[in-house]
Amino acid sequence: MLDLKFVRENPEAVRRGAALKKQEADVDGLLALDAERRQITTRADELKQERNALSEEVGRRLRAKENADDLKQRVRNLGDEIKKLDERLAAIEPQMRDRLLRIPNLPHESVPVGESEADNRFVREWGAKPNFDFEPKPHWEIAEHLGIINFEQGAKVTGSGFIVYSGAGARLQRALINFMLDLHTTRHGYREVYPPFLVNVESMTGTGQYPKFVETDGAYKVEGDELYLIPTAEVPVTNLRRDEILGDPELPLYYAAYTPCFRREAGAAGRDTRGITRVHQFDKVELVKIVRPEDSYAELETLLQNAEAVLQALGLHYRVMEMCTAEMGFSNAKQYDIEVWAPGMGRYLEVSSCSNFTDYQARRAGIRFRREPKAKPEFVHTLNGSGLALPRTMIAILENGQQADGSVRLPEPLQAVFGRETL
RNA sequence: GGUGGGAUGGCCGAGCGGUUUAAGGCAGCGGUCUUGAAAACCGCCAGGGGCGCAAGUCCCUCGUGAGUUCGAAUCUCACUCCCACCGCCA
């Protein structure tokens, strides 16, 4: 969330930023409550000060065996008045928090202003689209031919949007996870963590999925417990340090985690129904950074490069796009997407999203640090990026590696795992 | 799932209705001493909020939420979490 003081002092900037992101922001409602809260707090504090002083006087008199009934009555009356004010505050504060939690992070000034996907800014590309001397097939046909993905079994066991990797498909999945984790931990300095796949509402709030993403039915909720299946490892991993005050020497923190991700994709029915472009459960290796505020935009660039390194090692052509204001996520200040080329589908697919959340998640999750042992705690900046999402990486491997005879040439780093060059 | 024990500041730990503005210790930071270090000694060491240009001042927080009381870390109730044992279990 945003700093309440910042909203109070810059209401117009908040309205503008939210509008650029095509998001609502009840700034007026929030500030009206804020004004009332401060007025009541001032009054209540004065009364409490008086009550504390009088109570102390009661104690003094009673110890001196004097009568204190008149004072007791005055304090009782004060108590009644204080209680009314505190009750009003108890009603206002959750409302303020709720409004604040629903105001999105503001886009960084460098973010291109735009209305749609068409306004995203091309940053760079790597490699080139491969040439085929035959018509490249979409991955679902390749996978069916090889018998490595079973859609019917996924639908039978769970339902539409759930798939089963089978045989070499399952093994390829596992090899990719290992490959990505090893790359990030041994070459890029990330600490591997393996977090829970279910999280509580505090964690969902900390990274910004609650309330809005949850309310729009994006997340799976566990019946009977107040727990959610994680939509991304960003949630458990960023929340690892929730409500902590870190020491300056601990920063920056780099975490890499493999987890499955669960998304209801409630609003996306009908899109990408064929293949594995959009499924309800998918695997992802996620990178999370917790850094000093002044470093976050430089850290975003290296995070992006760390994610790109995976595609480079796999020899897959991709492009990097900077999201325009309207295409960014709720909690982001700046976001790059990496899009890999899928020749069978004839389009680029988002395999990674790398974002700087500035202090927005840190403030929600209470992640702070001290520059010096006695310095005032400051909020850290958090970042995360996929490194990478598995299904679309698999799509790119299948569609880019396909050969005329129906086999698929494996990227070089995966050949050792399989002991051969093709699937 | 059952039974019992516990939750106090970075850590340990007093405290059981009013000089607690939370003792004391450890760790940390600053200083004295020392060639330097250690030891010893002195000092500083939670977070949030209101008002104020500031200096400052006041309020809140002893797991969370209610309650009793003039006054609650301290008493009552509920809940949460942690630990131990039992049951079940990969």
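Everything numeric here is computed off the predicted structure, so don't read it as measured data.
Atom name C1', nucleotides G4(B) and C62(B): the rounded distance is 24 Å, in whole Å. If you take atom P in A73(B) and the same atom in C16(B), they sit 13 Å apart, rounded to whole Å. With both ends at atom C1', the span from C81(B) to C89(B) equals 23 Å, rounded to whole Å. Remark: the separation of the P atoms in A55(B) and A37(B) is 35 Å, to the nearest Å. When the P atom is used for both G13(B) and G17(B), the distance is 22 Å, rounded to whole Å. Atom P of G6(B) sits at a distance of 14 Å from the matching atom of G63(B), rounded to the whole Å. A gap of 10 Å separates the C1' atoms of C45(B) and G9(B), to the nearest Å. Rounded to the nearest Å, the gap between the C1' atom of U68(B) and that of U76(B) is 7 Å.
Heavy-atom distances to RNA chain B give each of Leu62(A) and Ile245(A) a nearest nucleotide, and the one nearer the 5′ end belongs to Leu62(A). Toward the 5′ end of RNA chain B lies the nearest nucleotide of Pro377(A), the other residue of the pair Ala44(A) and Pro377(A) mapping further downstream.
Base pairing annotation: A23(B) forms no Watson-Crick or G-U wobble pair, as no partner gives both donor-acceptor distances under 3.5 Å. Pair assignment for G30(B): C42(B), on the basis of Watson-Crick or G-U wobble contacts that are both within less than 3.5 Å. Pair check for G65(B) finds C77(B); Watson-Crick or G-U wobble, both atom distances under 3.5 Å.
Atom CZ in Arg76(A) sits roughly 8 Å away from atom P in U69(B) (whole-Å rounding). Summarising the geometry, the separation between NZ on Lys72(A) and C1' on G17(B) is reported as 13 Å, rounded to the nearest angstrom. Between the CZ atom of Arg61(A) and the P atom of C70(B) there is a distance of 15 Å, rounded to whole Å. In this structure, Glu93(A) atom CD and C60(B) atom P are separated by 14 Å, rounded to whole Å. Glu87(A) places its CD atom 11 Å from the C1' atom of A66(B), with the value rounded to the nearest Å. When rounded to the nearest whole Å, the span between CD of Glu36(A) and P of G50(B) equals 15 Å. Distance, Ile82(A) CD1 to C70(B) C1': 12 Å, rounded to whole Å. Atom pair Asp248(A):CG and G10(B):C1' shows a separation of 17 Å (rounding to whole Å applied).
For G71(B), neither phosphate oxygen OP1 nor OP2 lies less than 4.0 angstrom from any side-chain nitrogen or oxygen of Asn52(A). Listed pair Lys376(A) / A46(B) fails the phosphate criterion, with no side-chain N or O lying under 4.0 Å from OP1 or OP2. Lys48(A) has no side-chain polar atom (N or O) that falls below the 4.0 Å cut-off from OP1 or OP2 of U57(B). Here Arg37(A) does not reach the OP1 or OP2 of C59(B): none of its side-chain N or O atoms lies under 4.0 Å away.
Residue contacts for Leu78(A): at a heavy-atom cut-off of 4.0 Å it reaches no nucleic acid atom on any strand shown. Across all strands, Val58(A) comes closer than 4.0 Å to base atoms (heavy-atom distances). Contacts of Arg8(A) with the nucleic acid, taken as non-hydrogen atoms under 4.0 Å apart, involve only primed sugar atoms and P, OP1 or OP2. Backbone-only contact: Arg370(A) has heavy atoms under 4.0 Å from sugar-phosphate atoms and none from a base.
Put simply, the side chain of Arg241(A) reaches to within 4.5 Å of the side chain of Tyr255(A), judged on heavy atoms. The shortest side-chain heavy-atom distance between Asp28(A) and Arg15(A) falls under the 4.5 Å cut-off.
Checked by atom type, the side-chain pair Thr259(A)/Lys284(A) shows no donor-acceptor distance below 3.5 Å.
The side chain of Lys5(A) lies closest to G50(B) when the candidates are C58(B), G50(B), C70(B). Of the candidate nucleotides G67(B), G47(B), C51(B), G67(B) has the atom lying nearest to any side-chain atom of Lys83(A). Counting only heavy atoms from C-beta on, Asp45(A) has its side chain closest to G49(B) among G18(B), G67(B), G49(B). You'll find that the side chain of Arg368(A) is closest to G47(B), out of G47(B), C59(B), G71(B). Residue Thr42(A) places its side chain closer to C51(B) than to any other of G49(B), C51(B), G47(B).
Exactly one residue among Thr238(A), Leu300(A), Asn332(A) makes a side-chain contact (heavy atoms from CB on, under 4.5 Å) with Phe357(A). That residue is Asn332(A).
Ring geometry for Tyr228(A) against Tyr210(A) counts as tilted: the plane angle lies between 30° and 60°, on a 0 to 90° scale.
Annotation for His381(A) and Ser296(A): closest pair ND1-OG, 2.8 Å, computed over non-hydrogen atoms. A pairwise comparison of heavy atoms in Asp26(A) and Ile103(A) identifies N-CG1, 4.4 Å as the closest pair.
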Mind running side-chain hydrogen bond (donor to acceptor under 3.5 Å, both in side chains) on Thr422(A) and Gln403(A) for me, showing each step along the way? CA-CA 9 Å; Thr422(A) 60; Gln403(A) 303 183 107; 5.2 Å; no
